Amino acid sequence: MISITEAQLRLGGNVIFFGLSWRIDIGRRIGLVGPNGAGKTSILRVLRGEITLENGRIETSKNLKIGYLPQDGAELPDQSVRDILWSAFEPLNRMEEEMHGLLHRIQNTGADTEEHEKALHRFGFLQDAFQHHGGYHRESEAKKVLLGLGFQHSDWERPVVEFSGGWRTRLLLARLLLEKPDILLLDEPTNHLDPDVLAWFEQYLHASAAGLVIVSHDRYFLDRVVTEIGEIETGRFRTFKGNYSKYREQKEILREQLLAQKRNQDREIAHLQSFIDRNRVRKDRAAQAQARMKRLEKIERIELESDQNTIAIPLPDIPRSGLDVLCLENLGHVYGDLRALHPIDATIHRGERVAVWGANGAGKSTLLSLLAREMEPTEGTVKWGYNTHVAYFSQHHAELQVSQRAVLDELSSVAPADMQTRLRDVLAAFLFRGDDVFKPVSVLSGGEKSRLALAKLLVRPVNVLIMDEPLNHLDISTTEILEETLRRFCGTIVFVSHDRFFADRLATQLWEMKCGRLRVYKGNYSDYEYAKQFERERLETNDPDADFTDNGLSNLSRQQRKEQKRLEAEERNRLNAGKREKEKKCAVIEQEINEIDQEIEQIEARMASGDFVRNPTEMSKTGKRYKALLKNREKLYAQWEKILDSLEVA
């Protein structure tokens, strides 16, 4: 358990939070949200003990094991993948080393000696503990986590220096999971994970009994993993029950309630002020006016928090395209001897919103570059339809913008005349406010350049948007503004994003790419996910009569699919809840066994001393306690094994 009471933190002269009281128990699953720069990472570092509070106190349970994954990763030693992961088992490694030493002593001492007997007893105790804590399964467990996070078997002996920063962060995450901390503090853990790895990671966290505090911009991930939301905004911290979607609903209800209270208060203030203005110079009403002035001064004014989601990005009028916006005919591409895109045929119609989906390296960015005519295909053709006007957003190109213009002037240079008076509103939505709009583009960070490039994309009168990872560098609020804006856009959109919530809200079809091959699924991400589940079940049952359409969707009605998914989700939640409860019981029993083992070890140390045998009363009392502990440990082990067996069956 971690407990924070009336805490205040100030960094660089700025108050990050104040009056924060919060308790985090093992087993709680908390998502930490708030605007960029609100202090989410600072809270994680306070919980870990890296930052000292200015006021208040923080208390941590004795022997609590806290694991922390920083957003930007951390330095790793120049070792192999195996060595990095093996370091997660340090207590077991030390135990194994001691066992080897004991075995050598046993083999080299006489069978009837006291030293031999003590070594044998200690070895037996360690062997039981080693087996109990999974010492003999370390390698298989490490490889299971490694494969789950997207590595290959061949990576086991590879040096860490051969991996990119994103893969090193995955390796850090793998080591952290293998350490099995009581509470996990994860700062943007999904940044470098593709869809298949994300699905595995979610399942792993569901099966874990650890407490979780997660900072993430991935709303779909938060919906699936957390059961509470902690919000930090303008120094204030509040908690909400439920996942991210429930949190948004509660926030909207609170805002409406506060808005109604403010309207009532504003009417009361206006009424009092009107009476004061009319009567303070009249002698017969001066006393009453004075009383109302005092009453007015005592009113605690209701202030509405700035809600960025109320900002609406204005869009220009766009020309109407033909019905067939884009036709791909036998489109393929190779880089030398490497096949990046196998030949595909596809058509996109006016108004469709296509999510290009797949793992890193599947060929998504190559496809978008071909569509945007950033490069010529080696095979086939890309045919744009009648009156199409295309704008392309590339994360890489956005960060390379070079201009001496101010941000506002840069946006003005691409905006039509009817948008010129609304450019400040567009920039405000992308977090350029006040004097920020006068910054030269040349001094902007990579993230700021990316946000400016998105703003430039939306003010142009185009009817086709091609976007490669547009959500990088955006916080949740800005993402939701962009999401609503694109839903209002009446043109055609093709986009790459790993954000499942974004794809679910926006897409009308999903193009799945695997190893340069394309398959089209109609519908949004939920429809795609259901179709993939249907495919898996068909393969598992080998049912040749399974009713499955060419586009990957079941012929069940949409309502039937929703009902089926709801029932499946309820069953999964029920099974997961039961599993977590059993895992918690296991953890409690393991703790009890550990405490008994410590006491047994202390008794054995006393029994080995010369003074012990000189005190018959103490010998009798301690002997009875020793036998009771051994019996109790055997009973607890039986309970523990029974629960483990039931978990394996489940």
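Please read all numbers here as calculations on a predicted model, not as lab measurements.
Ring geometry for Trp357 against Tyr525 counts as tilted: the plane angle lies between 30° and 60°, on a 0 to 90° scale. Between Tyr335 and His333, the angle of the ring planes goes over 60°, which puts this pair in the perpendicular group of the 30/60° scheme.
Counting non-hydrogen atoms of neighbouring residues, nucleotides and ligands closer than 6.0 angstrom, the CZ atom of Arg460 reaches no more than 12 such neighbours. The environment of NZ in Lys143 is crowded: more than 12 heavy-atom neighbours from other residues, nucleotides or ligands sit within 6.0 Å. Heavy atoms from other residues, nucleotides or ligands lying under 6.0 Å from OH of Tyr204 number more than 12. Residue-environment remark: CZ (Arg320) stays at or below the threshold of 12 foreign heavy atoms within 6.0 Å.
A salt bridge links Glu483 and Arg219; the closest N-O separation between the charged side-chain nitrogens and carboxylate oxygens is under 4.0 Å. Using a cut-off of 4.0 Å between Lys/Arg side-chain N and Asp/Glu carboxylate O, Asp194 and Arg170 are scored as salt-bridged. The pair Glu410-Lys449 does not meet the salt-bridge criterion, since no charged nitrogen lies less than 4.0 angstrom from a carboxylate oxygen. Using a 4.0 Å cut-off between a side-chain N of Lys or Arg and a carboxylate O of Asp or Glu, Glu231 and Arg236 do not qualify as a salt bridge. Salt-bridge formation is detected for the pair Asp218/Arg500: a Lys NZ or Arg NE/NH1/NH2 atom is positioned less than 4.0 Å from an Asp or Glu carboxylate oxygen. Under 4.0 Å is where a charged nitrogen must lie from a carboxylate oxygen, and between Lys241 and Glu249 no such pair does. A salt bridge links Arg339 with Glu379: at least one charged nitrogen is closer than 4.0 Å to a carboxylate oxygen. Taking a cutoff of 4.0 Å between a charged side-chain nitrogen and a carboxylate oxygen, Lys532 and Glu535 qualify as a salt bridge. Salt bridge status for Glu512 with Arg519: absent, with no side-chain N to carboxylate O gap under 4.0 Å.
Asp468 pairs in a side-chain hydrogen bond (donor to acceptor under 3.5 Å, both in side chains) with only one of the listed residues (Ser394, Ser365, Ser369), which is Ser365. Residue Ile348 forms a side-chain contact (heavy atoms from CB on, under 4.5 Å) with just one option from Leu326, Leu328, Asp324, Thr508, and that option is Leu326. Of the candidates Asp475, Leu32, Ile214, Lys40 forms a side-chain contact (heavy atoms from CB on, under 4.5 Å) with just one, namely Leu32.
Counted by atom type alone, His153 and Asp155 present zero donor-acceptor pairs between their side chains at under 3.5 Å. Under 3.5 Å, the side chains of Trp511 and Gln509 contain a donor-acceptor pair of N or O atoms. Asp223 and Ser245 are linked by a side-chain donor-acceptor pair at a separation below 3.5 angstrom, with hydrogens and angles left out of the test.
Outside the 6.0 Å centre-distance limit, the rings of Tyr521 and Tyr530 are not counted as a close aromatic pair.
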Q: With side-chain contact (heavy atoms from CB on, under 4.5 Å) as the test, would you mind laying out the steps for Val354 and Leu510 before giving the verdict?
A: CA-CA 6 Å; Val354 179; Leu510 193 141; over 6 Å; no
Q: Apply the test side-chain contact (heavy atoms from CB on, under 4.5 Å) to residues Ile318 and Val462: give CA-CA distance (whole Å), side-chain angles for both, the deciding distance (0.1 Å), then the verdict.
A: CA-CA 6 Å; Ile318 67 170; Val462 298; 6.0 Å; no
Q.
salt bridge (Lys or Arg N to Asp or Glu O under 4.0 Å) for Glu480 and Arg487? Distances and angles first, verdict last.
A. CA-CA 11 Å; Glu480 290 177 343; Arg487 283 168 64 85; over 6 Å; no
(Q) Using the rule given for salt bridge (Lys or Arg N to Asp or Glu O under 4.0 Å), can you reason through Arg29 versus Glu228, listing the C-alpha separation, both sets of side-chain angles and the distance that settles it, and then say yes or no? (A) CA-CA 6 Å; Arg29 297 164 178 271; Glu228 300 175 52; over 6 Å; no
Q. Would Ser526 and Asp504 satisfy side chain to side chain donor-acceptor pair (under 3.5 Å), going step by step from the backbone distance to the final call?
A. CA-CA 6 Å; Ser526 292; Asp504 201 52; 2.6 Å; yes
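Figure legend: cation-pi geometry between Arg353 and Phe495 absent, as NZ or CZ is not positioned both under 6.0 Å from the six-membered ring centre and within 45° of its axis.
Heavy atoms only, all atoms of each residue included: Trp167 and Leu149 are closest at CZ3-O, 4.0 Å.
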